[in-house]
Asker: 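Here it is: the structure, laid out below.
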Protein chains: 2
Amino acid sequence: MPKRVDHDERRRELADALVRRARTSGLHATGFREVAAEAGVSVNLVQYYFPTKAELLAGGLLHLRELLRPRTEHDGSPADRIRAILRALLPTDDTSTDLYRLHAAYAALAFTDPALAAQPHTAGPDELQPVLAALLADAAPAVHPERTATSLLALGTGLSAYLVSGYLTPADALAALDEQLDRILS
Amino acid sequence: MPKRVDHDERRRELADALVRRARTSGLHATGFREVAAEAGVSVNLVQYYFPTKAELLAGGLLHLRELLRPRTEHDGSPADRIRAILRALLPTDDTSTDLYRLHAAYAALAFTDPALAAQPHTAGPDELQPVLAALLADAAPAVHPERTATSLLALGTGLSAYLVSGYLTPADALAALDEQLDRILS
DNA sequence: AGGTTCATCGTACCGCTGTACTATAAAAAC
DNA sequence: GTTTTTATAGTACAGCGGTACGATGAACCT
């Protein structure tokens, strides 16, 4: 076996195994043994890269955030970019639904776990809000950019929650979003 | 000790102990022993009323839903009632914040636990949406009642998520909600 | 070539948690 | 008044999960 291994890469592989497992079995049912089995590797190797459970969980969250980091680079007019960003937020296929649900599990854990709470665990507005506000200032001069950006993101978050819970179909959620966007964008 | 006890009442007491404990310690860290200690009672008594862990959890969820069942009875004009219902949805004080977070933990669990998923676990739109739609049909004839009701509830859900995560202050969330309501309610 | 380091494995331990078994006192039944 | 429920408590057991301890073979260094 090789001696030198890229530790960051290895950690990413293991974190990905955690995500794969947890997004179907649940985060609460995913420990060292499950991650090891999913990665096809020994239990102790997982502990070699993530010495403690807290670090394993944190590594999983870091990787998950990477997986669902929204692509903010779209082309087209500012109005088109706004629409594209918000649409990309909604979990409309099975994969993004699973990831969103896993993220919800992490968020719930973070409420009572200070270590996780310290880590930025958000698919929250903090990254997208300024981007959206800047685009809105350009595309919709009539509205207050920051407040409108926040409201749009909140709407997207709520629609996402309804989507993953099965209360809405993707078509309905997109329609609700578009209705709001059509009103704002001139 | 008395022989006859109201079992439903006792179950409610124990479920309340579970909620009290879980809303600060986290649902994952709340088992038979913790509930028993919180209720000042023996471990076995908890099991006497909730024979299995699944039933204990389900009992807690049932009680939690009761605690945060929104009061839909308000007085005033339809417009006032709409505003009151949506405001009441937002967790603006510490208690409702804790309960909302606990509910989020239950929702996350339900995604991977069929037994919990079968139980109606929602602070979702299913109860409020028809009520709101009926009021909207009266107060805002220009808009599509069902779609608008869903959008408003989604906005409320998103704002609630941002509130319990600390991204928004109650004042900001209420302002965002009011802005939207002012636009719709003529 | 020999020793050292490093990635990997197998196994063992210990604490916690759900669950089961037995006991007991008080109230109800008769 | 005795017997039978019934609400409660204490203790015990078994499985699982995180963690720790050794072992081993391959690659690197000199």
Asker: For the residue pair B:D138 and B:P78, what are the closest heavy atoms and their distance?
Answerer: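 Closest pair (atom of B:D138, atom of B:P78, distance): OD2-CG, 3.7 Å.
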Asker: Can you tell me if B:H7 touches the phosphate of D:dT6, counting only side-chain N or O atoms and a distance under 4.0 Å to OP1 or OP2?
Answerer: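 B:H7 to D:dT6 OP1/OP2: no side-chain N or O under 4.0 Å.
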Asker: Using the salt bridge (charged side-chain N to carboxylate O under 4.0 Å, His left out) criterion, which residues pair with B:D182? Sequence neighbours excluded.
Answerer: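 B:R83.
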Asker: Quick test of your reading: applying salt bridge (charged side-chain N to carboxylate O under 4.0 Å, His left out), list the pairs with at least one residue in residues 35-45 of chain A, sequence neighbours left out, ordered by first then second residue.
Answerer: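 As it turns out, the salt bridge (charged side-chain N to carboxylate O under 4.0 Å, His left out) pairs with a partner in residues 35-45 of chain A, which skip direct neighbours, are A:R20-A:E38.
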Asker: Could you state the atom-to-atom distance from CZ of B:R21 to C1' of C:dT17 in whole Å?
Answerer: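 My rounded result for the distance is 14 Å.
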Asker: Please list all pairs meeting salt bridge (charged side-chain N to carboxylate O under 4.0 Å, His left out) that have one or both residues in residues 142-168 of chain A, counting only residues at least two apart or in different chains.
Answerer: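 Listed by first then second residue: A:R147-B:E179.
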Asker: Do the side chain of B:Y162 and the main chain of A:L153 share a donor and acceptor less than 3.5 angstrom apart?
Answerer: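 Pair found, side chain donor or acceptor close to backbone of A:L153.
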Asker: Heavy atom of residues 24-38 of chain A under 4.0 Å from DNA chain D: which residues?
Answerer: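 Residues of residues 24-38 of chain A under 4.0 Å from DNA chain D: A:G31, A:F32, A:R33.
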Asker: Which donor-acceptor pairs under 3.5 Å do the side chains of residues 23-33 of chain A make with protein atoms, sequence neighbours left out?
Answerer:
unit_1	atom_1	unit_2	atom_2	d
A:T24	OG1	A:R21	O	3.2
A:S25	OG	A:R21	NE	3.1
A:T30	OG1	A:G26	O	2.8

Asker: A:Y106 side chain to A:L116 main-chain N or O, any donor-acceptor pair under 3.5 Å?
Answerer: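 Pair absent, no side-chain N/O of A:Y106 close to backbone of A:L116.
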Asker: So which of residues 42-50 of chain B are in contact with DNA chain D, with a heavy-atom cut-off of under 4.0 Å?
Answerer: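 Heavy-atom cutoff 4.0 Å gives B:S42, B:N44, B:L45, B:Y48, B:Y49.
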Asker: Taking only side-chain N and O atoms of B:T52, does any of them lie within less than 4.0 angstrom of OP1 or OP2 on C:dG18?
Answerer: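 No, outside the criterion.
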Asker: Write down the distance between NZ (B:K53) and C1' (D:dC16), rounded to a whole number of angstrom.
Answerer: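 Whole-Å distance recorded here is 13 Å.
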Asker: Please determine if A:R69 and A:E127 form a salt bridge, counting it only when a charged side-chain N lies under 4.0 Å from a carboxylate O.
Answerer: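 Answer for the salt bridge query: yes.
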